[in-house]
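Contents: one structure, followed by commentary.
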2 protein chains.
Amino acid sequence: MNNQAQLDRSFLALSHPVRRTIVERLTRGPATVGEASQGLPVSKPAVTKHLKVLEDAGVVARTVSGRTHVLRLRRRALRDATQWLELHRALWEAKFEAIEEHIAKEDTA
Amino acid sequence: MNNQAQLDRSFLALSHPVRRTIVERLTRGPATVGEASQGLPVSKPAVTKHLKVLEDAGVVARTVSGRTHVLRLRRRALRDATQWLELHRALWEAKFEAIEEHIAKEDTA
DNA sequence: CTGATTGTTCACCTAGAGGTGAACAATAAC
DNA sequence: GTTATTGTTCACCTCTAGGTGAACAATCAG
């Protein structure tokens with residue numbers, strides 16, 4: 001399985017406010033589709049599509065329980081995305097602080 | 001300024017392998033467009049577009065120097081994206097470890 | 001059985017992402 | 001001045017993201 005493509009999907013999944021809201025709600029515990037999408041400014045078919053993006057990215061898992069579908073977060077995809085950022089942050093935080101400060105001073109002048 | 005929209009763009013910027021490669025290379029120091037995109041499997045116009053996405057997201061800054069354009073990372077956008085992930089990771093890591101283990105056992109059974 | 005509820009699927013639309021080759025602009029080198 | 005280099009802009013293409021209303025499937029409640 002291609003790890004790059006998996007990262008693509010994870011970051012893409014987080015790049016839409018509706019999907020980030022759903023993820024935020026699921027951090028408070030599993031929820032049905034209706035609960036997780038309540039009040040969001042989109043139609044039901046749109047929610048279905050956003051959930052497909054989240055599931056394809058491995059960010060969310062679904063358990064069908066009767067007529068309701070219970071959603072919960074999966075840790076791996078989100079952990080991988082976090083690790084990519086932290087890995088590279090360590091480098092740029094150390095390296096470019098001085099450079100940026102230098103440029104900020106130039107901009108002010 | 002809308003912080004949500006800014007997060008949208010940052011995560012979107014990271015959702016493409018060509019753009020992530022450019023970011024990775026810039027963690028090793030500023031580079032020209034040619035250096036940062038060397039060997040990538042896309043044409044020059046495509047690189048120009050990817051750079052626009054990175055700049056719009058605030059991930060990359062550009063300094064025109066003669067006929068070459070020097071690119072460097074900006075910390076803020078990447079830091080904000082990292083913080084969003086870490087903020088929510090703290091919650092889901094704590095809350096769902098037990099649940100996922102439980103489900104894993106069910107799947108095995 | 002009937003009706004309400006939950007969520008998906010279907011058919012459709014529009015805007016934008018991502019790609020290209022060709023032409024151009026600006027600078028650097030000779 | 002002429003040529004090479006760096007990168008963008010232009011015109012174009014295709015595919016997908018994101019949205020909708022209407023219809024459907026499945027389950028639950030009466």
Side-chain angles (χ1 to χ4, degrees), chain A residues 2 4-23 25-26 29-73 77 81, chain B residues 2 4-23 25-26 29-73 77 81:
Chain A
N2 190 348
Q4 285 297 309
Q6 197 60 39
L7 264 184
D8 292 355
R9 290 194 213 103
S10 296
F11 282 126
L12 184 69
L14 297 175
S15 73
H16 194 287
V18 164
R19 290 192 294 259
R20 274 205 312 285
T21 300
I22 290 172
V23 170
R25 289 180 181 176
L26 292 179
T32 67
V33 172
E35 292 164 353
S37 65
Q38 205 215 340
L40 293 178
V42 284
S43 63
K44 289 193 295 181
V47 169
T48 297
K49 288 186 184 181
H50 283 303
L51 289 177
K52 179 166 172 43
V53 173
L54 287 165
E55 290 184 88
D56 287 350
V59 170
V60 161
R62 173 193 307 244
T63 312
V64 178
S65 169
R67 81 184 147 180
T68 65
H69 298 202
V70 175
L71 308 171
R72 62 194 160 76
L73 286 181
Chain B
N2 190 349
Q4 286 298 309
Q6 196 61 39
L7 264 183
D8 292 356
R9 290 193 213 103
S10 297
F11 282 125
L12 185 68
L14 298 174
S15 74
H16 193 287
V18 164
R19 291 192 295 259
R20 272 204 314 284
T21 300
I22 290 171
V23 170
R25 290 180 179 176
L26 292 178
T32 67
V33 172
E35 291 164 354
S37 65
Q38 205 214 339
L40 293 179
V42 284
S43 64
K44 289 193 295 181
V47 169
T48 297
K49 289 186 184 181
H50 283 304
L51 289 177
K52 179 166 172 44
V53 173
L54 288 166
E55 290 184 270
D56 288 350
V59 170
V60 161
R62 173 194 308 245
T63 311
V64 178
S65 169
R67 80 183 148 180
T68 65
H69 298 203
V70 175
L71 308 171
R72 61 191 162 77
L73 286 182

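We name chains A, B, ... by the order of the sequence lines, and we start the count at 1 in each one.
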Looking at A:Arg20 and B:Gln4, would you say the former's side chain and the latter's main chain have a donor-acceptor pair under 3.5 Å?
yes
Both A:Arg67 and A:Val18 contact DNA chain D. Which one's nearest nucleotide lies toward the 5' end?
A:Val18
Between C:dT8, D:dG19, C:dG18, which nucleotide has the shortest distance from any of its atoms to the side chain of B:His16?
C:dG18
Assign the ring pair B:His50 / B:His16 to parallel, tilted or perpendicular, where the plane angle (0 to 90°) is split at 30° and 60°.
tilted
Stepwise side-chain contact (heavy atoms from CB on, under 4.5 Å) test for B:Ile22 and B:Leu40:
CA-CA 9 Å; B:Ile22 290 171; B:Leu40 293 179; 3.9 Å; yes
Among D:dT6, D:dT20, C:dG7, the nucleotide that comes nearest once only the side chain of A:Arg62 is considered:
C:dG7
Report yes if a side-chain nitrogen or oxygen of B:Thr48 is closer than 4.0 Å to either non-bridging phosphate oxygen (OP1 or OP2) of D:dG7; otherwise report no.
no
I need the NZ-P distance between A:Lys52 and D:dG19, as an integer number of Å.
16 Å
What is the distance from CG of B:Leu14 to C1' of C:dA17, rounded to the nearest Å?
16 Å
Students often get this wrong, so: under 4.0 angstrom with heavy atoms, is A:Val42 touching a base, only sugar-phosphate, or nothing?
sugar-phosphate
5' priority, DNA chain D, between B:Thr32 and A:Arg19 [closest heavy atom]
B:Thr32
Counting just side-chain N and O atoms, does B:Thr68 come under 4.0 Å of either OP1 or OP2 of D:dT6?
no
Looking at C:dG7, I'd like to know if its phosphate oxygens (OP1 or OP2) sit under 4.0 Å from a side-chain N or O belonging to A:His50.
no
Would you say the side-chain atoms of B:Arg72 pair up with the backbone N or O of B:Thr63, donor to acceptor, closer than 3.5 Å?
no
For A:His69 and C:dT6, is the shortest distance between a side-chain N/O and OP1 or OP2 below 4.0 Å?
no
Rounded to whole angstroms, how far apart are NZ on A:Lys49 and P on D:dT20?
10 Å
Specify the separation, in whole Å, of atom CD of B:Gln38 and atom C1' of D:dT5.
15 Å
NZ of B:Lys44 versus C1' of C:dA23: gap in Å, rounded?
11 Å
